[in-house]
Novice: 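Before anything else, here's the structure in question.
In what follows, every heavy atom counts, from backbone to side chain, and hydrogens, waters and symmetry copies are set aside. These numbers were taken from a predicted model, which means no experiment stands behind them.
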Amino acid sequence: IASFLEKETIYPMDTYIIHEGGQDDSLFLIEKGSVRLVRYDEEGMPRELMTLGVGQIFGELSLITGLPRTCSVISNEECIILELKKSSFD
């Protein structure tokens, strides 16, 4: 998988990496820092689902299924994130 990782991006603290409902199809690997996964309820109130750290991945469901993002992902601190696009497999 490491050979398919295309893009390294630095995200400042409290930056959205993925937006709930988004239609992109990338998987992300956390190289540095941590992120929180958040889902918004019907009134728009955030609910934190979990925190992920170095070496963990997110975005795999949309990569595999092509369905919209099920939650938002926000950086807890400055993060370095590697991205794997679905087009890498084509």
Novice: Looking only at heavy atoms, which two atoms of Leu29 and Gly55 are closest? And how far apart?
Specialist: CD1-O, 3.6 Å
Novice: How close do Lys32 and Val54 get, heavy atom to heavy atom, and via which atoms?
Specialist: CA-CG2, 4.0 Å
Novice: Using every non-hydrogen atom in the two residues, find where Asp14 and Arg36 come nearest and quote the distance to one decimal.
Specialist: OD1-NH2, 3.0 Å
Novice: Would you confirm whether Glu83, through its side chain, and Ser26, through its main-chain N or O, come within 3.5 Å as a donor-acceptor pair?
Specialist: no
Novice: Testing the basics here: between Val35 and Cys79, what is the closest heavy-atom pair and its distance to 0.1 Å?
Specialist: CG1-SG, 4.1 Å
Novice: Looking at CD of Glu60 and OG1 of Thr65, how far apart are the two atoms once the value is rounded to the nearest 0.5 Å?
Specialist: 10.0 Å
Novice: Of the non-hydrogen atoms in Ile18 and Cys71, which two are nearest, and what is the gap between them?
Specialist: CG2-O, 3.6 Å
Novice: Are Leu82 and Leu84 grouped together when hydrophobic residues (ILVMFWY) are joined by side-chain heavy atoms under 4.5 angstrom apart?
Specialist: yes
Novice: In terms of hydrophobic clusters joined by side-chain contacts under 4.5 Å, are Ile17 and Met50 together?
Specialist: yes
Novice: Using 0.5 Å steps for rounding, measure from the CG atom of Asp25 to the CG atom of Leu67.
Specialist: 11.5 Å
Novice: Is there a continuous path of hydrophobic side-chain contacts, each under 4.5 Å between heavy atoms, that joins Val73 to Ile81?
Specialist: yes
Novice: OH/Tyr40 to CZ/Arg47 distance, rounded to the nearest 0.5 angstrom?
Specialist: 13.0 Å
Novice: Determine the minimum heavy-atom distance between Asp24 and Ser62, stating which atoms define it.
Specialist: O-CB, 3.8 Å
Novice: For a 4.5 angstrom cut-off between non-hydrogen side-chain atoms, does Ile30 reach Phe58?
Specialist: yes
Novice: Hey, could you give me the OG/CE distance between Ser34 and Met13, rounded to the nearest 0.5 Å?
Specialist: 10.5 Å
Novice: Ser75 side chain to Thr15 main-chain N or O, any donor-acceptor pair under 3.5 Å?
Specialist: yes
Novice: Is the backbone N or O of Gly33 less than 3.5 Å from a side-chain atom of Glu78, with the two atoms forming a donor-acceptor pair by type?
Specialist: no
Novice: Following the transitive rule for hydrophobic clusters with a side-chain heavy-atom cut-off under 4.5 Å over Ile, Leu, Val, Met, Phe, Trp and Tyr, establish whether Leu49 and Leu52 coincide in one cluster.
Specialist: yes
Novice: Do Leu37 and Tyr16 sit in one hydrophobic cluster, given that two such residues count as connected whenever their side-chain heavy atoms are within less than 4.5 Å of each other, even indirectly?
Specialist: no
Novice: With the side chain counted from C-beta on, respond yes when Glu20 and Arg39 share a heavy-atom pair under 4.5 Å apart, and no when they do not.
Specialist: yes
